[in-house]
Enquirer: 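Please see the structure below; I have some questions.
Hydrogens, waters and symmetry mates are skipped; everything else that's a heavy atom, side chains included, is used.
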Amino acid sequence: CDSACGAQPWRAALLALETALPGFADGGTVATVILSNHFMRYALVPWSAELTDAEEQLSYTRHCFARVYGKAARQWEVRLSQEVSESPRLASAVDAELLDGLRGVFDGAGIRLRSIQPHLMAAFNACRSGLPPTSAWFALLEPGNLCLGLLDHGHWLQMRSLRIGRAWHEELQLILEREAYLADNPLMPHEVYVLDAGGRDASLPEAGNWKFHALDHGLAPTAMLPAG
């Protein structure tokens, strides 16, 4: 579908989905929605011993998004990953109106919506077994979008979501060099695991100290987030 501009950039995608869904309804169809990273926001939430229950953790997560994105974050629905104590936790946020719209579209088509998943989480969970147990970068490419995360023994240390052009081979190298420079860490890993969700270009960059590995984009998601 054509991308939409303005306050609701997801509107065109929702309308296209609404048009297409009736052709798939047969009385027993069950659906899972994976939301493009174009529609998602991500943040790393520092661990805090002062947060004693789920409500406090959620409030703190909302505060983290508001600090970065401002008043717009008030209209978002947020989710927080479950990590071991003393590790940063990855949080996702999406426009609550989009979620309401999705549920309404599937209800109208008579299709049961089992789950709604951020693309980053679905892709990471599907590819987790192909990632090293030590430190590495995880790069998830969609047309026009890059999610780049730094992992250390399975835990997120950094996460960025940014726009990227067609010449992503060169852009990715420059972005990694910038991240390494800003971190100023001599132990920064140079192993990069790339999942190209568009599947348009099987080749990987070749650059100096960086070693790139392709991940299988055909794997099915293995973890679900509740739609309700």
Side-chain angles (χ1 to χ4, degrees), residues 32 34-37 40-54 56-58 60-62 64-65 68 78-94 115-142 145-162 164 168 172-173 175-197 204-205 207 209-226:
T32 293
I34 298 177
L35 283 176
S36 166
N37 291 320
M40 303 298 307
R41 298 291 185 272
Y42 299 104
L44 277 179
V45 178
W47 178 82
S48 174
E50 298 177 0
L51 304 177
T52 58
D53 57 35
E56 289 184 353
Q57 292 172 354
L58 188 59
Y60 182 56
T61 301
R62 293 186 184 279
C64 290
F65 276 108
V68 175
V78 302
R79 291 288 184 271
L80 188 62
S81 67
Q82 299 300 316
E83 300 288 347
V84 296
S85 296
E86 302 186 23
S87 297
R89 301 171 69 180
L90 183 62
S92 63
V94 62
S115 70
I116 301 173
Q117 307 175 39
H119 189 197
L120 175 61
M121 290 297 92
F124 175 71
N125 286 327
C127 297
R128 189 190 292 262
S129 62
L131 296 169
T134 53
S135 299
W137 293 91
F138 176 69
L140 173 59
L141 287 157
E142 291 184 27
N145 182 271
L146 166 69
C147 277
L148 181 66
L150 176 60
L151 289 160
D152 179 49
H153 294 85
H155 305 301
W156 297 104
L157 296 182
Q158 293 178 221
M159 174 56 62
R160 292 191 186 275
S161 180
L162 60 158
I164 197 166
W168 65 264
L172 180 55
Q173 296 173 41
I175 292 168
L176 286 163
E177 293 288 353
R178 183 184 64 194
E179 294 297 315
Y181 174 79
L182 292 174
D184 192 23
N185 181 359
L187 300 179
M188 178 69 68
H190 284 74
E191 302 283 332
V192 186
Y193 289 76
V194 181
L195 177 61
D196 183 2
L204 290 175
N209 296 328
W210 298 101
K211 186 174 182 181
F212 294 89
H213 309 268
L215 291 168
D216 183 4
H217 67 272
L219 294 173
T222 57
M224 300 294 181
L225 295 179

Enquirer: Taking the side chain as everything from C-beta on, heavy atoms only, tell me whether Tyr42 gets closer than 4.5 Å to Cys147.
Expert: yes
Enquirer: How far does CD1 of Ile164 sit from CG of Asn145, to the nearest 0.5 angstrom?
Expert: 8.5 Å
Enquirer: Determine whether Glu191 and His213 satisfy the following criterion, side-chain contact (heavy atoms from CB on, under 4.5 Å), listing intermediate values before the conclusion.
Expert: CA-CA 8 Å; Glu191 302 283 332; His213 309 268; 2.4 Å; yes
Enquirer: For the residue pair Leu146 and Trp168, establish whether any side-chain heavy-atom pair is separated by less than 4.5 Å.
Expert: no
Enquirer: Tell me if the aromatic rings of Phe124 and Trp156 count as close, with their centers under 6.0 Å from one another.
Expert: yes
Enquirer: Which heavy atom of Gly130 sits nearest to which heavy atom of Tyr193, and what is that distance?
Expert: O-CE2, 3.7 Å
Enquirer: Would you say the side chain of Leu44 lies within less than 4.5 Å of the side chain of Leu90, judging by non-hydrogen atoms?
Expert: yes
Enquirer: Determine whether Ile116 and Val94 make a side-chain contact, defined as any pair of heavy atoms from C-beta on separated by less than 4.5 Å.
Expert: no
Enquirer: Atom CG in Leu120, atom CG in Asn125: separation rounded to 0.5 Å?
Expert: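 It is 9.0 Å, given to the nearest 0.5 Å.
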Enquirer: Do Ser135 side-chain atoms and Pro189 backbone N/O form a donor-acceptor pair below 3.5 Å?
Expert: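 No: the side chain of Ser135 does not pair with the backbone of Pro189.
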Enquirer: Do Thr61 and Arg89 make a side-chain contact, defined as non-hydrogen atoms from C-beta onward lying under 4.5 Å apart?
Expert: no
Enquirer: Kindly compute the distance separating OG (Ser36) from CD (Glu142), expressed to the nearest 0.5 Å.
Expert: 3.5 Å
Enquirer: Say you draw a straight line from OG of Ser92 to CD of Gln117; how long is it, rounded to the nearest 0.5 Å?
Expert: 11.0 Å
Enquirer: Could you grab the distance from atom CD of Gln57 to atom CG of Leu80, nearest 0.5 Å is fine?
Expert: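 Answer for the CD-CG pair, Gln57 versus Leu80, is 6.5 Å.
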Enquirer: Counting distance only, does the side-chain N/O of Asp152 pair as donor-acceptor with the main-chain N or O of His155 below 3.5 Å?
Expert: no
Enquirer: Here's a test for you: under side chain to side chain contact (heavy atoms under 4.5 Å, CB included), which of Met188, Arg160, Met159, Glu179 qualifies with Leu150?
Expert: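 Checked Met188, Arg160, Met159, Glu179 against Leu150; only one passes side chain to side chain contact (heavy atoms under 4.5 Å, CB included): Met188.
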Enquirer: Calculate, to the nearest 0.5 Å, the distance between atoms CG and CH2 belonging to Leu176 and Trp137 respectively.
Expert: 6.5 Å
Enquirer: Please give me the minimum heavy-atom distance between Pro46 and Tyr60, naming the atom from each residue.
Expert: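 Distance-wise, the nearest heavy atoms are O-CE2, 3.6 Å.
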